[in-house]
Amino acid sequence: MTQTDPAAVETFSGRTLAFTIPSRDTRGRIVRLDRALDEILATHDYPAPITHLLAEALVLAALMGSLLKDDGSQVTMQAQTEAGAVNLLVCDYKGGELRGYVDFDHSRLAELGANPSLFALFGKGYLAITFDVAKGKGRYQGIVPLEGETLAEACEAYFFQSEQVPTLIRTAVRSGGGKCSAAGMLVQHLPDGEEGRERLHARLDHPEWEHVAILAGSVKHEELLDSALSLEAIVWRLFHEEQEVRIERGAAIERGCRCSIEHYQDVLSKFPEEDRKEMRDDEGKIVVDCAFCSKKFPIEA
Ligand SMILES: [Zn+2]
């Protein structure tokens, strides 16, 4: 692998970087959210612990979404609780478009202090990850308990339990002074079709993966977040001793939502008039909420 020149720092700005290490059956993704994260957070007015949580979730959605090949495919993360301060966290990714929101109890959150653990936030929680693959290739979902320290750990558990794919995920979030930065890396042992999957089950030791996991696991939070360090340079630092590392530009990441007056008109037109009648306000409009955008749409329907 050759080192890229420092002028290429901007190459992956706002994009995911995809890499593969063929000799180790490994693939990876790195993303650093900048403008998209600012825009998503700006649509909400969340306290610091919720901002932190959502930023991590968005990084994870971008990393997992970038594993999908078709632009029409979507990944959705939904974290739910039975008795936590956070009722629901949702974020999704489709063709580079990210969005997310958190529904939580303000007073219960305030009792938890500045730096609540994942358990404090969610209590006994669950994380559902859904891949909707475009072009009729189906939908698959896995649900894992929200255990461990971070959402990233729950996502690792998802890949291991639901897909039998050993996966290492690191996320880094820094907030302060009204600015939030978030980045992450996902590296996984790539099952090469069905054959690879069988081999994975049959063998307990994966020396080439263990080697990669040690290298990848050495990435530092500061490296992921350092905007002066290109994503290529991170790959170089971690894997420059590997025979071959292939790098590809992934999708540009943007904030995106499907809400629009037209969309809601279309949805409402499918309800029976009886139901619409009940939904109308005094002015005869139906007010629809987009939780992702914290925006209300008064619809004439
Ligand atoms: Zn919206």
Side-chain angles (χ1 to χ4, degrees), residues 14-16 31 33-66 68 70-81 86-106 109 121 127-134 139 141 151 173 175 178-182 184 250-271 275-276 278-281 283-301:
R15 282 183 181 277
T16 46
V31 71
L33 298 180
D34 36 40
R35 196 170 43 86
L37 179 66
D38 295 342
E39 289 178 13
I40 293 167
L41 295 176
T43 60
H44 307 292
D45 185 17
Y46 292 153
I50 299 296
T51 295
H52 197 277
L53 181 73
L54 181 60
E56 188 192 7
L58 290 164
V59 167
L60 293 166
L63 289 172
M64 292 191 288
S66 67
L68 297 162
D70 296 309
D71 274 1
S73 300
Q74 178 173 326
V75 63
T76 307
M77 282 174 59
Q78 193 163 322
Q80 256 171 307
T81 183
V86 173
N87 303 315
L88 178 68
L89 174 153
V90 183
C91 60
D92 66 27
Y93 171 103
K94 188 177 187 179
E97 287 190 353
L98 265 185
R99 58 180 188 169
Y101 73 91
V102 185
D103 178 28
F104 62 99
D105 185 316
H106 280 266
L109 183 77
L121 288 170
L127 177 70
I129 297 174
T130 311
F131 286 91
D132 280 293
V133 187
R139 176 175 217 261
Q141 185 182 62
L151 287 176
V173 178
S175 44
K179 172 78 187 152
C180 183
S181 320
I253 305 290
E254 293 166 16
R255 181 184 100 85
C257 194
R258 270 81 82 192
C259 66
S260 67
I261 296 223
E262 294 73 28
H263 170 72
Y264 289 128
Q265 271 169 342
D266 184 51
V267 171
L268 288 168
S269 72
K270 291 178 179 121
F271 281 84
D275 295 358
R276 282 197 300 253
E278 282 177 23
M279 296 182 222
R280 286 198 186 99
D281 64 10
E283 290 168 27
K285 291 187 177 157
I286 299 174
V287 179
V288 188
D289 254 32
C290 178
F292 292 102
C293 303
S294 302
K295 212 163 137 187
K296 287 189 187 339
F297 292 82
I299 311 286
E300 313 241 13

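Every value quoted in this text rests on a predicted model; they were computed, and no experiment measured them. Just follow the structure's listing: the first ligand is 1, and inside any ligand the first atom is 1. When reading the values below, keep in mind they use all heavy atoms of this one structure, side chains included, and skip hydrogens, waters and symmetry mates. The first residue in the sequence is number 1, and the count goes up from there.
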Next on the checklist: Regarding T76 and Q74, do their side chains bring together a donor and an acceptor under 3.5 Å, going by distance alone?
Outcome noted: yes

Within the 2.8 Å cut-off the protein N, O or S neighbours of the Zn ion (ligand 1) are C257 SG, C259 SG, C290 SG, C293 SG

> In terms of heavy-atom contacts, does NZ of K296 have more than 12 from other residues, nucleotides or ligands at under 6.0 Å?
Replying inline: no

Exercise. Step by step, would you call C290 with Y264 a side-chain contact (heavy atoms from CB on, under 4.5 Å)?
Worked result: CA-CA 10 Å; C290 178; Y264 289 128; 3.5 Å; yes

d(E300 CD, L268 CG) to nearest 0.5 Å is 12.0 Å

Sorted by chain and residue number, the salt bridge (Lys or Arg N to Asp or Glu O under 4.0 Å) partners of D132 (sequence neighbours excluded) come out as R139

Note to self: Looking at F271, is its backbone amide N or carbonyl O close enough to the side chain of R276 to form a donor-acceptor pair, meaning the two atoms are under 3.5 Å apart?
What the structure shows: yes

